[in-house]
Structures are given as C-alpha cells and as structure tokens.
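Let me begin by presenting the structure, written as structure tokens, before commenting on it.
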Amino acid sequence: ATAQETLDPKAKQGGAITITYKDDVATLDPAIGYDWQNWSMIKSLFDGLMDYEPGTTTLRPELAESYEISPDGKTFTFKLRKGVKFHNGREMTADDVKYSLDRVTNPKTQSPGAGFFASINGYDDVAGGKSESLAGVTVVDPSTVRIELSRPDATFLHVMAINFSHVVPREEVERYGADFGKHPVGTGAYKMAEWTLGQRLVFERNADYWHKGLPYIDKITFEIGQEPIVALLRLQNGEVDVPGDGIPPAKFQEVMADPEQKARVVEGGQLQTGYVTMNTQMPPFDNVKVRQAVNMAINKDRIVKLINNRAVPANQPLPPSMPGYDKAFAGYAYDVDKAKALLGEAGHPQGFETELFVMNTDPNPRIAQAIQQDLAAIGIKASIQSLAQANVIAAGGEKGGAPMIWSGGMAWIADFPDPSNFYGPILGCSGAVQGGWNWAWYCNKELDEKAAAADSIVDPAKAEERAKLWGEIYAKVMADAPWAPVFNEQRFTMKSPRMGGDDKLYVDPVHIPINYDYVYVNDVQ
Amino acid sequence: MIAYLTRRLIQAALILLGVSLITFALLYLLPADPVRQIAGRSATPQTVESIRQQLGLDQPFAVQYWRYLTNLVSGDLGRSYIQRSEVSELIVARLPASLLLMVGAIVCELVIGLSMGLIAAVKRGSATDQALMVGSFIGVSAPQFVVGLLLLYVFAVKLGWFPIGGYGTFSHMVLPSLTLGILGAGWYSRMMRSSMIDVLRQDYIRTARAKGLAQRAVLFGHALPNAILPVIAMIGIDIGMFMGGIVVVESVFGWPGIGQLAWQAIQRVDIPIIMGVTLVSACAIVLGNLLADIVAPFIDPRIKLR
Amino acid sequence: MNAATHPKQAAGAPAPAADRPVLDVAGLTISVRGEDGERPVVSDLSFSLARGETLCIAGESGSGKSMTSLAIMALLPQPQARISAGSIRLGDTDLTSLDERRMRRIRGNRIAMIFQEPMTSLNPVLSIGRQLVEAIEAHTGVSSAESRRLAIEALTAVRIPEAESRLKQYPHELSGGMRQRVMIAMALALKPDVLIADEPTTALDVTVQGEVLELLRDLQRQHGTSVILITHDMGVVAEMADRVIIMRYGRMVEQGKVADIFERPQVDYTRDLLAAVPRMGTGGARQVPTDKAEPSQPTDVAVARDLHVRFDLTGGFFGRVNRRVHAVEGISFSIAANETLSLVGESGCGKSTTAKALAGLVPYHGELEIGGRNLKGLGREARKAVRRDVQMIFQDPYASLDPRMRVGDLVAEPLVIHDIGTPGERTERVAALFERVGLSVDQMERYPHEFSGGQRQRICIARALALRPKLIIADESVSALDVSVQARVLQLLKELQAEFGVAYLFISHDMAVVENISDRVAVMYLGQIVEMGTRDQIFSNPRHPYTRRLIEAVPVPDPQRRRARFARMEREIPSPVRKLGDAPRKLVLADVGGGHLVAESPVS
Amino acid sequence: MTSPIAPEISAVAVPAKARAGVWRRLVRRPLALTGLVIIAITVAGALLAPYLTGYDPNEQMFDGLTLEGAPLPPSATFWLGTDLLGRDLLTRILHGARTSLIIGIVANGAALLIGTLVGITAGYFRGYVGAALMRFTDLMMAFPALLLAICLAAVFQPSLWIVAMVIALVNWVQTARIVFTETSSLAEREFIDAERTIGAGTARILFRHILPHLLPTIIVWGTLGISTTVLLEATLSYLGIGVQPPTASWGNIIFENQTYFQAAPWLVFFPGAAILALALAFNLVGDALRDILDPTQRGRA
Ligand SMILES: Nc1ncnc2c1ncn2[C@@H]1O[C@H](COP(=O)(O)OP(=O)(O)OP(=O)(O)O)[C@@H](O)[C@H]1O
Ligand SMILES: Nc1ncnc2c1ncn2[C@@H]1O[C@H](COP(=O)(O)OP(=O)(O)OP(=O)(O)O)[C@@H](O)[C@H]1O
Ligand SMILES: [Mg+2]
Ligand SMILES: [Mg+2]
C-alpha cells in the first residue's frame, strides 16, 4: 500500500488550528520525549521506519519503503524511501537510521526508551558503555539498512515505529547537543517554527514532505499552560480547536448533556488499563486467595460510574482493542460473600490492615477511596497514601514499599499496540527488581518463558497464533491475580466545529490527542 | 547608601547560600528517585546506574552540593531531569511573566487593601466597617482557583471585557492580578485598619485637624504616611507568600510564569528546577525586602538605613 | 507684616465687632465616659474673651483646662468626651452646633491652638515646611509659592534662624524648643482671632520659655490676637495676663484682672495657690529646717567620677561612626544621704543623660557608685538590689507610664517586683501613696491617658516613692504641676528626706524651685559642669556668666514687676555633636571658696 | 465672684469592683458573643461529629450519586448534598472541622507563638542574640513558603501532626518579622526604661509590658492566619503531602471539588463558608478583645 492512497478527497489544504495543553512540553527529542503531550508532536516532526495506518493499530512502512524478515526472524532488512529530506534540506540516508539507533541506545543520551532495543545485536555493549555503535545495525547501502537481532522478536516492527527509533540528522544533533530537543529537525510532516518557552509552540507545514499532499493544515499552534476547564471555555468561544487534555471531569456531564457540544465529541477506545497491583512478595498478598478476594471485592461498575462512565469495566490486563484480548474471559465477578470466604480461607477472616498508594490527581484519589470502601466491606482496612507521581513510582519500585497501588494516572498506556507491551516491565520477572516497574513484584518464570516463546513468533502469518498464546499468558496471570484490573478508559476528544477528517483520527490509538498529519479544517477556501 | 547596599547584598548572598543549602538538603532527603524517572520503565539496573553516575547523583551530599554551588557561581543551574533543558533558560523564559503578575498583584493589593482598610478605620464600628471586614475575610478565605474561574467566567466569558486567559497586553493582566491580589488585599485591609486606628489617635492628627485641614488632607496627608509603614514592610514578605497563589492563578489564566514550572517540577520531582525556582524566588523575596527597607526612610525620615 | 496681605476667607462667623467679645463661653459642661459611667470634668464654665486680650487660665492640674480648650476647638478626645451642656460662641456663631465641615473653616483660621505636648504634636514623617504650608493653603487661596513665602515669614517671626532651609527639616531634627516654636508659627501663620496656648512653655527651659513668651506678646501686639494662655506657672501669669481665671475640680473658682487676682484674691484656693508660688530669693525661708550644715560624714549615696556619655552617630559613605554626641563630658559630683543636688542648665545640655547613666539606662565611661557599690560589673541580683536603691522620675510622665496598665498597678509594680508585702498590704501602701501625692484612691483603677498632665506626673512620683529608695532622680518632675500641687509635692519630697534620709538628684529648669529645694546646685552647659556649689553660693553669688543668665531669665510672679522684654537669645544653643576625635576641651573647675567650684574660663 | 465648690469627687470611697472580667465584658458585646457562639458551635460540631448526623463521613452511599455519577445537591436526606463519591457533605464538614481546627488553631497558634517569641526576643535584645535570630528569620523568610512546606512535608511521612508542624514552621516567619519591628520601636519607648529602673526583669518587661502592646497585631495576624493555614493544608493534601484521604478537612473538601464549582457549587460553597465563618468568628472575638484590652478605647459601644 502506498501512502498516497490514504489522502482524503474531502480534505482541503491550509488553515491553522490551536491546541492547548496544561503542562509544559518537555522535549521534542524523539530519543527522550515520553510524555503524552510530546509523543504525538514528535510523531509529526519525525518519522520512523515503520508507522501505523492513521486511526488504527495496523503497522505499515513509513520511511522504509519495504522490509524483509529473515526466516529465523532475527534479521530485518529495510529498504529506505528515496528523496526523503530532513527539515534542513539534507536527504535522509541509511547512515542516519544507524546513527539514530546508536544514539538512542547510548547511555549518554539517557533515553527512557533504550530498553526497547535490547533485542538488537550488540545492545549490551552499547548500554554498558563498551561500544558506541550497535553491532547489529549495518548500513548496506545508502538506502538499505540491516538489523540483526540476538533473538527473534515479534514486536520489533512495532519498536521501529515508536518514537525512540525515529530518525534524526546527526549534524543537527551535534549542533544543538543537549538542546536538540528544543530545536527538533526531522523528516516529519511539520517543522518547528517557533517555540516560546512556557507559552506556545508553532508547527509549520513541511512543504517538502515526502508524503505528497500531507499534511493538510498549514500551522498548528500549541498553547501551553492552559487549565483544561479554561481550554474548554475557549473552545466554546471559538478560540481553541482541540483541548489537548480532553474534557475535564468537572465539565463532562455538562458537555454531554448539551446536544450541540456532544456532537463534537468523539469517543474511542484506548490502549489503557487501570488496575490495582498487589505486592505478591508482601504478606498477606503473597497468598493468592487474598489477591483473588480483592479482585472480587471491587465494585467496578460503581467506579466506572464515579468517573462519569468514561470507561468500561475490565477483567484482564489487556484492553479490548489489543490483539490477544480474550472476549470470553470471565475474570473475577464482583462477589462480596465469596471474597470474604476466600479471605477466611486465607486465614484472614477478620480482614487485615494495609496501604493503598495512589497518585494525587483527580480522579485517582477518588477511585482509591471507592476501592478503599469496597475493601472495607470484606474487612480489609486500606489506608490511602495519595502522593505525587514520582513518590508512588518510588514506593512501587521498593521491594516492601507499597502493598497496593492504584495505577491510575501512571497507568499503562501501551507504547505500541502489541500484547507483549503489557507484560515485560510490568508483569515479567525483569521488572520485579529494585527500581523496576513491576509493582506487584510478580515473577512467574514459566510465564516469562512462554512470553519469550510468543515473541519469537515473528512470522506475520502466525500473528493469530501468537495472540492466542498471549491470551493464555494473561489468563494465567489472572489466575495468580497479581493485579485487580478495574477498567479500560475510553477516550473522549472534543473538537471545534471547523475540524474535519475521519472521527478515528481524533481517537487515534497512537496519536494523542489527534493525528495532526491527517486532520484538516473545513473553513479554508 | 552604597556601603549600606554593599552590606545588604553580602547579607543577601549569605541568605541565598543558606536557602540553597537547606533546600538542597531537603531535596536530597526526598524519597523519590529522579534517576528512575529519567531512565524510564524499560531500563535495566545497569542503565539506571550509568545515568546516576552521569548526573553525579551517586556522590556524597557534600560533593553534590559543592558542585552545584560552583556551577551556580557561573550561572549554571543545571539541566532539568524531565524537560532536559537548561534550568536557567526555562526560568528566564518564565520569570518576566511572574514578576509582571506579582507587580500587578501588589498594585491590586495595595489599591484595594489600603483603601478598604482606610475606610474601615475611619468608619470604625459602622456597618460599612463590618461589611468591609467580612469582605476582607472572604478575600483571605476564598480559594483562588474558584475566584479566578469566577472572574474569568463573569468578566471574560460572559461580559467579554477581558480575554479568556493568555499573556501579552495590559488587559490580559487585569484578571490574574486581581485574583492574586484579592488574598493580599484581605491582609492589607486588616493591617491597614489596625495601624490606621492607631495613628488616628496620635497627637499630630489632632494638630492637623486643629489647623482646619479637610478630612481628606488629614487622612491622606498625615495619617496614611504614618500608617503605611508596617504595610510597606509586608510587601517583602508578600512576595514569598505569592508563590502558592501564583501556581493556581497562572494555571487558571494560562499565564506563562514560573508557578506552573514549579508546580510541574514538584509533581515530578524535577530537582534542578525546584532548586532553581526556589533560589530565584528567594532572590525576589530578598530584593523585595531590601526594596521595602530602602523605601521606608523616604516615608518615615526618622528611619535610618543601618 | 501686614494683615491686609492675608485675605481671610469668609469663615463661618462674621468678624466680631470691636466692642463685643470675640469668644464667649457660657455654661460649658464636658463629660467623659469611663468604665464607671459618665462624669463631668468641666462643669458650668462661663467666660468671655475680648479682642486683643490675654486671658490666663490657671488652676489645679486636672481641673479641666486642657479639656476646655479642646472643646473650643471641637477636638475633644473621641469617643470618650463630649460637650454635654452649654455654648461656645465665636462672634455670632455657636461652635457647639457647627457641623464638622464648617468647624474646619474656623479651626486654624479663626481659632488656633498650641498643644501641651510639643514632642508629639508634629507629624514625624512630614517636613515642617509642608506642615506649615498646608495650614496656610487650607484657608487661603494663595499660590504655593506665596504660601511658601508666608511659611518662611512665619518661621522668621518665631525667630527660627535660617528659616528657608529649615522648611526641609523634619520634627525629629529639631530640639524641643524649636518644635514648640514651629507649632507657634503654625498657629500664628494665619493670624487667628483667638489663640489658645495650652502650657506652651512647660516643657521648655527658662531661656527658651522667655523667648516663646516674648514671641506671643509680639504677635499679639502686631495683630491684636486674643490669647487664652493656660499655665500653672504664676510667674508666666504675672508676666502675660490681662485677666485670669482660676479653675479647680472642673469649675471656675475665681476670675478677675491680673492685678486683682495677685493682690486681692477672693477665695481661699487662689490665696493658697499664690502662697504656694516659689519665689526666687525666698527659698531659704521655706526650707524645712534640717541640721546638716556640715556634711560631716562622707556617707555618699551616689558618686560620679569623670562621667562620660557619648552617643555614636553613624553615617557617611561607609556607614561608620563618624560623629559623636558628647552628651556628658566628664562630670564629677557626689550626693550624700539626706542631700539634694540640683542639676540645671539649658535644654540639651545633658541633664537627663546624666540621670539615665545613674539609673543604669545608658552605657557610660568613668565611674558611678551607688551606696558604695560600683555600678560596673554587677551580677543580676546585685543589680536588682541597686535598682531598689535608685529610683527615677522621668521627664515625660505620659511616655514613662505603660499606657495599658492601670495606674494603681503601675504604682504597685515596684513592690511586686521586689516582692514586698502581701497583695493587701500593697494595695494599702499604694492607696497611701496616692493620697500623699494628692490623688484620690478611686483613681487607682484608671489608665494613664485618663489623667491630665500634672496628675500623671504625680503618679510617677508615687511610683518612685513606693520602694523608699536611697536616691531619687527627679527629672523635671514638678514642672508640669500646678503650684499648689507642686508645693505639696516638694513638701512631700522634703518630708521623705527628713524621714528616711533620701537623697535627691533634682533636675529642673525652674530656678525658683531649684532654689527652694536644693542643698547644692550644679550648673551644666554642653555636657560639662560650669559651676557647682551650695544653693546660697550659686544663687546669691553666681560667678559664671551662664549661671547669671539662667537666673535672670526667670519670670517673676508679680504683675507689678512685669518686664517689658525678655532677654533674647542671641544665638542657638551650640551643639554637642562633634566630629570623631574632636573631643571638646575639658573645663577645669576652680574652687573660689567654700567648695564653690567655677569653670576657670567663662564660656561665651 | 464665685466661691469654692466642694469637690464631689473627693467624697468617693474606694470603688466597688470596677474591674469587670475580660470575659464578662466580652460576652456583653453582641458581635463578640456571636463570634464565641460560632466558635463554640464549630468545636462542638467537631467533637460531637459522630453523633450529629446519621452518616459515616467515609461512607460512599449508592444513592449518594446520580446514575451518571454526579453528586447530589442539598436535599432533605442530605442536608448539604453529597460529594463526588456520594458521601454526605454535612458529615464530612463536621468531621473535617477536627482537622481544620487543629490546623487553623493549633498550627496557626503555634506559628503565632513561635513568631511572637522570636520577634519579641530579637526586637528587645540587641546584639548577638537579636542579630542571630533576625538573620535566621530573614533566612526562613527568603524561602517561598509553599516550596518550603512542600519540601518539608515530603521529607517526613505525611500525617496530620506533621502537616501541622510544617505549617507552624513555615508560618511563624511573617509574624516574627512584624513583631520584631514593633518590639524594637516599643523597646525604645520611655516607659520601658522606666520599668527597668524599678528593677523589672526581662521576662516581666517582655510579657507584661511589651506583649500587651503587640496584641492588636497578633490578633490581626492570628485571625487572618486561620484561613491561610487551613487552605495551605489543603494545598499540601492536594499535593499528597497533607492529611490522607478519606480524612476530611475543610480545605481538602474544597480542593478536591474546586473544579466542580459550577456543576456542584455546594461542594465548594459550604466548606468555604465554614472556613470564612470560623475566621470571622475569631476576628470578631479578636477585635473585641483588642478593644477591651486597649484602655484608650474604653467608652466605645
Ligand atoms: N481621655 C480621657 N478620658 C477620661 N478622663 C480624662 C481624659 N482626659 C482627661 N481626663 C480627665 O479630665 C480631667 C480634666 O483634664 P485636663 O486635661 O483638662 O486637665 P488640665 O486642667 O489640663 O490639667 P493639667 O494642668 O495637669 O494639664 C482630669 O480629671 C482627667 O483625669
Ligand atoms: N540616644 C541618643 N542618641 C543620640 N543622641 C542623644 C541620645 N540621647 C540624648 N542625646 C543627645 O544628647 C544631648 C543631651 O540630651 P539630654 O536629654 O541629656 O538633655 P537635657 O539636658 O535633659 O535637655 P532637656 O532639658 O531638653 O531635657 C542632646 O543633644 C541630645 O540630643
Ligand atoms: Mg492640661
Ligand atoms: Mg532632659
């Protein structure tokens, strides 16, 4: 499939839109940016070898024109698209691809995404500071790059689509050094026109974009530091096109009650699950019965109601739109009596006292209080520790730090749409270490092996089989119940009347809040 | 004067040194580990250690602090852990807006607070006095977020007199300054009332009245300069108290000041930014106090700069 | 100075006809509200004031003199005091029924007032120029340049040198005498019909007092102003008054022409008052006979040897000490038990500072001994014990009483601190003290601000007496008292001396009182003693020209011997502020016989 | 002319107890009485909270929310409405009074006490003690209060008493500064010299003579401090370093709900009114106290 076909016949070229965010945009360096504000901005400034069909989770080549996977699944050969130019006018070559991968894995870059590339040959040397260059990445010719893996990795094409692998021009990186993130130069649909720190960023259409006809919009202004409630007021006033932080909970019902406003809300799924972790290495949660009891005690419907029905109750780690999600899985139904019984069996008929950690931004403390009340009903007295994000993360990474954590606000939003993304760092043994992200400290060697096996099924034809395998893994996880999945959040994006383009662009699973490259405005002549 | 300034500036430098030491120590003691935030979820312990080393966070406290100080001398506040930019750059970009907002707020405080206090003192015990007192307590007790949104809703959205948030022109400044100033106005009006009542019973007020001066001349010409002195001393203190309000007001009005920067940094334990903001605010406070002290002799000639 | 150049704005009342009284007070009753309900402080007072006349109101302190004048100005202390009956007419206008706005046009313009406390009556943060100019501008329509000129003129009229440059100065930069003159300038700038001067000279020393009185007379001569002069100094009354009103307990007890009052007083109180007036040259006759002709034993209660007190003034480029006030410059004296040493001298010569050093309130050089104990290097307990032996009565009674304490408690406080007696005994002792200083027992429950100036002074005296100290330092302690009370207090002091052998360091500018009470007298000038000797030596044989001048300046309480002019001061008092390292020359005292010490070279 | 008149005043015997107690004079003033009643109600409400309403402060009632999950406005069942979790707001405000009283009165009072002590000592003693104390105050003052509070609170484990301590630690500085200024000018007054000459000790001078003069200032700062500290506690809880949910405090009820102030105004209005009422009540009492204790103001209605 060539990119040209995806052009929307109704789309008009031109116009400018305004998007608001509350928090600062940290950095636009693709090797570093890992916030949800800069995530899709980076996607519009830079390109990777791979990408997804807009509005879907379907992989497709991007800077690569085509790719080949060796039969053992360990060698990937990418043929690069010709005539792709960086914003500085220079043509992108295979050297840039290698440079970018070398750079993101180099510990000096301090990339939070370096670990995604662990399967590339020579990663350990680079990560350990022994080498500056990944042995597994070879420039075959200026438009061909070959990547050899140390093990088969079914997620590797996804890895080539995430921001961290996006291609950067060496000369610009060296020119700006640590400030490259403030002066991003990529091959993307937009280029940076202005960045007034703390106030606004302006993206300008990249006229030289290799994907002819894209993007549609001439100028995107991101206004920073806008309270979501105020952003909504401004949207209603016609000053803002998309409030980047979505519809604030306090205004949700008001918006949905007004048919005119409701018509401008787009709803979609999200690759997200909200769950409660239970520290499987801390008594009494080392007893599976206790964990199951917790699973049964939580009234998920009520919690969903609390957040204005902006989510669907969950019974397994994977969100519904993720391959491997098991529709048939029953999970643990809400059953207080059974939960009590289980607690009794576990030797805690009177319940026990424990702590529930939660990040301190609305609605998370509220959800935690709802959970707290549900637990109290079966005798578990959980006191809430509502802390800043960093402190919750710190507690979770400590072996005896946090018995229970509500994941909201820090919840796992998939980096890429693949079931494995929900396992490794947060449920696998590798994450159950000091400072790790496996807050349940759940380590099941057998499942780790199964996961490795699933990920070595590289052949796209066998994707179905692989998904099934993952489904089984998560079913096993649920049998051990290190988590109590609570809900999968739904996305509600609001847009101004002039915004055009398919609704799915506004709930694009990988572009949050919207896919800037493909949306357009209706009011240009 | 120059000697005085020199001495005060040296004092200020010492105070800033103390502030930096205490803040640095407190942040050092924080339970959250910034390195893990930088390294991300998929990082191996090895990577984490490597980053820790690069940032020098494996060093003993004294070494870290000394390095911070030496960098500070050359104007280097370090790089943000999260944003990865120079802290000085981030602060410089946002400081003018905050200072502007503070100036606006101080003006609002003084204008509203002093006039309320003055009227209350003159009409002491009357219904007006009671009403003003309730007003000043509402100012002190009302959550600024709500006040800000309310003002925004009424004057910007409904009446359209002011823009809905933003930064740039004078009309952008009015509502945020007012929101921030309302709290202080409450304080000032109480202080002013109190010191005004005191001044109004002094002999020299009787003298002024014996001259046949108009009430206005007595109040503004004679009582105000005497009563305002304790209030002036408060302006320096005020700047420190603004910090809390600035966070809220700036976010409601989309005002690009350091309040939001600080808030985000606190949420995410971005220590270099917290340090930087603390030091910069400490500077502002110290300078504010200095200014208040320098102004005082102009109001009360008996006060000597010492 | 021509009155025609100052067009007066039409004020509330038409100009009074020449034959009619300018001011007419009829049946005036003033009440104040206290904790125990309302009580009158002035009852049924009636008098009138003719054009160009000087009416002196004299009488007991606390008799309502200040209240009356405040009532005329409609400036009674709020919210406690009010006029409860009577009328005050200025020409045809009844001032009691005027609203504030119209009253304002009269104040300053038609009636001006000089207040009792010169120290606090000027606004400390405004330049005196500003304070003068605004008074002028408030009532005339003249340009600001013109009112500035008038202000300079007024300052020149009260003989403030370099008037023009003074305009920029602030009150705290002026001495007490100068401040009082500024007040007068302010009151006179608009040439009011009536001038009320409430004890304008009480706080001033004799030389300045003469100056100020002369000024009042001058201005009256030039502009025909009617003056109400409130004073308890019968000397001043005799010098100034046309008519006199004598008040007591809020009522007028007698009024009449000055000569009549002095020569043919009608009521007992007036007679008592006049009899109580201390007269120069008669002091010896009124002294309680004590037989201490020879101070045989050297039982010195207090000794000062080469006492220096200097205050550093900082300034200049580096904020360093660059000048110094040589307030006390090497004085030596001793006071024996049972003895009264008086310290006299012009304002600012260092009298109070000497007293404070003795009371341990300012750091000093040299040596001070109290009861044989050197004050330097005493421990806590010893210091407290010394404190018990030395008591001080401060110059400004109001400032030295904690305004938030009841006066009864204030007087009892020394007893509490030194743990003397049971609460009951203390109350009794305080009550006795109150009676002895001429206050009533029921006043114990009141607060200092509810008293008149003289009453406050008596409270201070009672307080100092509470501990029965060995030495009492009395800094201008009787200046604010009316003569009868003054006489009573002096008598009391003497009795105490006789009873307990108390020694006094008595500081006063009233030479008559000094002559009356002292055993020995020291005359200070610019921080040094220029002459010291027994009372007789000083008063009958003053050797130093400065001493002579002081004695001459005293007004005589006899209207027949009224002086045409007071001696004018030809220059300002020299300043004790000197550059660093520029210590003043030490005067050498020579004994001219009988222990009469005189500085060897006359100061000029 | 006139004859001397017998002085009526001298006949008066020793007055029968003119010293009405401060308390008696306080309750005689209607405004002060109102204030006292409000304070009493608040304290009683806090103490008796469990018995006053039929609800548990933390009970998230199923019928406390609409089907869309919205809180309920005031009604006969829930007098002040419910919060976002379906809890009875009145019950939470009553229980929250405990926290807020501790913060607004104990912590604020402690701050006032420390500030007064430091300010008065520094202002009275010149020399090294005073200078050292003032430099320390300057140092503390140079901290942006909120940042310092956050750092302090984050270092310790959050709990109500830690928060109270932190608030006291942060808030004493301003009081100290103002008290210092006033004390140093009071120390120059002559009546203080007079006290020294009668042998009054330092403690007596500081607490019997200087302190009463500072009362107006202390009262103003103390009463204004109530609202400020209660809201500061809320900021800290909001940041996760204050009292932890579900413990209610007036401040955190406001902070949790402030974005909803249009959709559910009662959630902000009632706790806000409670803070205001408490602060006003203390101010009324404080103002009256100030007048009563200030003899120059006697005779005022
Ligand atoms: N503010 C006040 N409140 C209550 N009583 C007062 C007040 N001011 C003065 N008094 C009382 O009023 C009476 C008259 O006081 P006033 O000041 O007029 O006396 P005076 O004649 O001027 O005495 P002195 O010569 O001592 O100044 C005194 O008994 C005094 O105690
Ligand atoms: N604390 C001080 N600092 C600087 N100078 C002072 C201080 N106290 C007094 N002086 C100065 O010392 C000198 C002597 O003052 P002192 O009060 O002893 O005079 P005095 O003889 O009592 O005069 P008066 O009769 O006016 O009371 C004056 O010039 C005064 O200005
Ligand atoms: Mg008087
Ligand atoms: Mg003196």
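Heavy atoms only: backbone and side chains are in, while hydrogens, waters and symmetry mates are out. Just so it is clear: chains get the letters A, B, ... in the order the sequence lines come, proteins before strands, and each one is counted from 1.
Listed in order of number, the residues of residues 12-21 of chain B that approach chain D to under 4.5 Å between heavy atoms are B:Ile15, B:Gly18, B:Val19.
Residue contact with chain B, scored on non-hydrogen atoms closer than 4.5 Å, is absent for D:Ile226. Only the side chain of D:Gln262 comes within less than 4.5 Å of a heavy atom in chain B; its backbone stays farther off. If you measure heavy-atom distances from D:Ile254 to chain B, the contacts under 4.5 Å come from the side chain alone. For a residue to count as touching a neighbouring chain, one of its non-hydrogen atoms must lie under 4.5 Å from one of that chain's; by this rule D:Leu231 touches chain B with the side chain only. For chain D, no part of B:Val269 is nearby; none of its heavy atoms comes within less than 4.5 Å. Residue D:Leu278 does not touch chain B at all, counting heavy-atom pairs closer than 4.5 Å. Interface remark: D:Ile178 contributes side-chain atoms only to the contact with chain B (heavy atom separation under 4.5 Å). For B:Ile138, the parts lying under 4.5 angstrom from a heavy atom of chain D are both the backbone and the side chain. Looking at D:Phe143, the atoms closer than 4.5 Å to chain B (heavy atoms on both sides) sit in the backbone and in the side chain alike.
Between B:Leu180 and B:Leu101, the closest heavy-atom pair is CD2-CG, 3.9 Å. Annotation for B:Ser136 and B:Arg190: closest pair OG-CD, 3.1 Å, computed over non-hydrogen atoms. Of all non-hydrogen atoms in D:Ile253 and D:Pro271, the two that sit nearest each other are CG2-CG, 3.7 Å. Counting all heavy atoms, side chain and backbone alike, D:Ala107 lies closest to D:Ala168 at O-CB, 3.7 Å.
Considering only residues two or more places apart in sequence or on other chains, B:Arg193 meets the salt bridge (Lys or Arg N to Asp or Glu O under 4.0 Å) condition with B:Asp129, D:Asp287.
Ring pair D:Phe136/D:Trp172 is parallel by interplanar angle, where below 30° counts as parallel and above 60° as perpendicular.
The residue among D:Ala273, D:Gly251, D:Ala142 with the most heavy atom pairs within less than 4.5 Å of chain B is D:Ala142. Contact count against chain D (heavy-atom pairs under 4.5 Å) is highest for B:Ile22 among B:Leu29, B:Ile22, B:Val248. By number of non-hydrogen pairs under 4.5 angstrom with chain B, the leading residue of D:Thr259, D:Leu31, D:Leu224, D:Thr223 is D:Leu224. Ranking D:Thr181, D:Thr228, D:Val173 against chain B, the residue ahead of the rest is D:Thr228, based on heavy-atom pairs under 4.5 Å.
Side chains of D:Val230 and D:Ser249 form no contact here, defined as non-hydrogen atoms less than 4.5 Å apart. At least one side-chain heavy atom of D:Leu84 sits under 4.5 Å from a side-chain heavy atom of D:Asn257.
Looking only at atom types and distance, the side chain of D:Glu233 has no donor-acceptor partner in the side chain of D:Thr99 under 3.5 Å away.
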Which atom pairs, one a donor and one an acceptor, fall under 3.5 Å between side chains of residues 271-292 of chain B and the rest of the protein, sequence neighbours left out?
{"residue": "B:Thr278", "atom": "OG1", "partner": "B:Ile274", "partner atom": "O", "Å": "2.6"}
{"residue": "B:Ser281", "atom": "OG", "partner": "B:Val277", "partner atom": "O", "Å": "2.5"}

Contacts table for residues 139-155 of chain B: side-chain donor-acceptor under 3.5 angstrom, sequence neighbours left out:
{"residue": "B:Ser141", "atom": "OG", "partner": "B:Phe137", "partner atom": "O", "Å": "2.8"}
{"residue": "B:Ser141", "atom": "OG", "partner": "D:Ser227", "partner atom": "OG", "Å": "2.9"}

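Atom OH of B:Tyr65 has more than 12 heavy atoms from other residues, nucleotides or ligands within 6.0 Å.
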